Every structure is written in C-alpha cells, then in structure tokens.
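Remarks on the structure that follows.
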Protein chains: 2
Amino acid sequence: MVTKQFKGSPEDADLARADSLAREIFSDVANKWALLIIEFLGERTLRFSELRNEIEGISHKMLTQNLRMLERNGLVERRVHPTVPPRVEYTLTEPGRALRETIDGLCAWTRRYLGDIEASRLRFDA
Amino acid sequence: MVTKQFKGSPEDADLARADSLAREIFSDVANKWALLIIEFLGERTLRFSELRNEIEGISHKMLTQNLRMLERNGLVERRVHPTVPPRVEYTLTEPGRALRETIDGLCAWTRRYLGDIEASRLRFDA
DNA sequence: CGGTATCCGTGTGGATACTG
DNA sequence: CAGTATCCACACGGATACCG
C-alpha cells in the first residue's frame, strides 16, 4: 500500500516522507477534473479552449487550476506558441500517459458495472 | 470513453442517460476518501472503528458518509451484529473488489513515478 | 460502538472583469 | 485566446453532543 503508516522509528524516516508525498500525489490525482482532463487528452494534443469545450461542465478557473497542477507534477506538457492570439497546447507526458492507462481501467470498470450499480441504488433507496 | 457526449439525436437518449449515470458514479468514486476506504478494506472485513483507526486523518463523519455512499452503490456490504455494544462490519462486494484492482494500479503508478513527480515539482517551483 | 443531528468556520469553485 | 485576480455563495468537512 502506498498509504501505509510508519511510526516514529528513525530508519523509516525517509519511507514516511515518501508516504506523505504519495498521499499528496494521491489527493492531487484522485479528483474528478484531473482524471477527466487526463482521460480527454489521451494521445492527442489539445488547446486550452478545445479542452474547455470537450469537458462538459468544467469552468475556466477549474481548467487552468488543474492544468497548472498537472504541469507542476510533470503529467502534462504545456507549449505556448507566441502568436496573436496566443495558442497554448497541452499534451500528456510519459508519466501522464502511464496514469491514463490506469484511468482507462477505471472507465472500463464503470462501464462494466453500470447496470449493477444502478440496480443497487434503486434497492438501497427503497 | 465513458464520458463521451451525445447530442440530441433520439436514438441516443438511453446512451446519454447511461453517460450521465457514468459521470455520477465517476464523481462518487473519484474522491480521496472513497478510494482510500476501498484500498484499505482489500480482502479483509473490518469494523467501523478499525477503518477509522487505519485510515489516518478521516473523521467520523466522512467515514460514515462515504461508507453509506459505497453501500448504496453496492461496492461494500454492511453487516450489523445485534450485540451490545453493536458491531458493524464492512466487506468489499464483487464490484468493489474489481474496483480495488484498478485502484491498485493507481497506487502502483504513484510508487513508480514518485521520484519523477518530486523532481518535476522542484523544477516547477523555481 | 456505531450512527445521526447540529452548528459553524473555511476552502472550493462559479461569475465577472481586466491584462497581454 | 489564455491567464490572473477579485468577489462571494454555498457545500464540505470538522467538532461536538446525544441516541440506540
């Protein structure tokens, strides 16, 4: 487990550090918008406005904010073309593409169990 | 893609419904606490208080709230033993265990790219 | 012990407006 | 077009208290 806890023993200090970092990354990545951005980018390169249009319901603010975060973590690459009007393109990096594969798994899971989940909800709500 | 958008054409109505449901499930599941609960449950059966102790930093409220949500979606099973004091145990269902496998992928990804991400952050913050 | 309800601060995210 | 800043509502989540 990434998120295992390490008690105070000195030799585990760096492991504890790695763990808290892992938690941080986990929190960054395990959020709706970040996952959707990565999923939509896929193998393509998209402009800011294209992402904005494709990801239904995302606000200007959330898009920039999450893109910045993903860039900081090295999951997307941001390329600025110095033209007027400006043109900014986003592409997944290698780590980003690797992450995308696990997200694909999540999407496949959702499709696979869609019916079961809907049924379970109806049962529960009664 | 789960989250593909369907324009108004009538024959796509049910696909659009399935898609909006998929989004909903995606939002439920793509959140820090839900993912951590599922990961910690693993193959084990745990009591409420055990989960509370193992998942560092989760509040009583968040735990119940997320467990209720996961139960509603049929991802965990809740068993109540009518004793005093009460004993409530949680176990992953089959869909829950399937989901856990994709989350394992996410954890593995985090471990794999921990160093790269840390390096990227340092570069970015300068 | 586990669950629910209430209170309440704050962080998140939308809308808007302005810059390069 | 893309990004930043400001304002502000409201939903989220923590603390606390009480019930079965």
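A note on names: the letters A, B, ... follow the listed sequences, proteins ahead of strands, and every chain is numbered from 1. Keep in mind that this is a model prediction, so the values were computed, not measured.
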Exercise for the section: Start with the C-alpha distance between B/Phe48 and B/Thr64, add both sets of side-chain angles, then the distance that settles side chain to side chain contact (heavy atoms under 4.5 Å, CB included), and finish with yes or no. Expected result: CA-CA 8 Å; B/Phe48 182 88; B/Thr64 40; 3.4 Å; yes
Problem - Working for side chain to side chain contact (heavy atoms under 4.5 Å, CB included), residues B/Leu106 and A/Leu99 - result: CA-CA 7 Å; B/Leu106 188 58; A/Leu99 176 56; 3.5 Å; yes
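Judged by distance alone, the side chain of B/Arg79 and the main-chain N or O of B/Glu89 form no donor-acceptor pair under 3.5 Å. With A/Thr102 contributing its side chain and A/Ala98 its backbone, the two residues share no donor-acceptor pair below 3.5 Å. In terms of modelled atom types and a separation under 3.5 Å, the side chain of A/Trp109 and the main chain of B/Arg100 share no donor-acceptor contact. B/Asn31 contributes a side-chain N or O that, together with a main-chain N or O of B/Asp28, makes up a donor-acceptor pair within less than 3.5 Å.
In the 5' to 3' direction, nucleotides of DNA chain C lying under 4.0 Å from heavy atoms of chain A begin and end at C/dG13 to C/dG20.
Rounded to a whole Å, the CD1 atom of A/Ile37 is 14 Å from the C1' atom of D/dA2. When rounded to the nearest whole Å, the span between CD of A/Glu50 and P of D/dA2 equals 8 Å. Atoms CG (A/Leu63) and C1' (D/dA2) sit 10 Å apart, rounded to a whole Å. What separates CD of A/Glu71 from P of D/dG3 is a distance of 9 Å, to the nearest Å. Atom CD in A/Glu89 sits about 12 Å away from atom C1' in D/dC1, given to the nearest Å. Atom CZ in A/Arg79 sits about 18 Å away from atom C1' in D/dC1, given to the nearest Å. D/dG3 atom C1' lies 17 Å from atom CZ of A/Arg87, rounded to whole Å. One atom, CG of B/Asn31, and another, C1' of D/dA11, lie 14 Å apart when rounded to the nearest Å.
If you check D/dC1, D/dT4, D/dG13 against the side chain of B/Gln65, the one that comes closest is D/dG13. Distance from the side chain of A/Pro85 is smallest to D/dC1 among D/dG14, D/dT4, D/dC1.
Residue A/Thr83 places no side-chain N or O under 4.0 Å from the OP1 or OP2 atom of D/dC1. Contact annotation: A/Arg47 does not reach the phosphate of D/dC1 (side-chain N/O to OP1 or OP2, under 4.0 Å).
Side chains of A/Phe26 and B/Leu36 form a contact here, defined as non-hydrogen atoms less than 4.5 Å apart.
The residue among A/Arg68 and B/His60 whose nearest nucleotide of DNA chain D is located toward the 5' end is A/Arg68. Annotation: of the two residues near DNA chain C, A/Met62 and A/Pro86, the 5′-most nearest-nucleotide partner is A/Met62.
Remark: B/Arg68 engages B/Glu71 in a salt bridge, criterion side-chain N to carboxylate O under 4.0 Å.
No engagement by A/Arg52 is indicated, since no non-hydrogen atom pair under 4.0 Å with the nucleic acid exists.
Taking five base pairs at each end of the helix from C/dC1-D/dG20 to C/dG20-D/dC1, the local helix axes there meet at an angle of 40°, rounded to 10°.
With hydrogens and angles left out, the side-chain atoms of B/Tyr113 and A/Glu94 include a donor and acceptor closer than 3.5 Å.
Under a hydrophobic clustering in which Ile, Leu, Val, Met, Phe, Trp and Tyr are joined whenever their side-chain heavy atoms come within less than 4.5 Å, directly or via other members, B/Leu122 and A/Met69 fall into different clusters.
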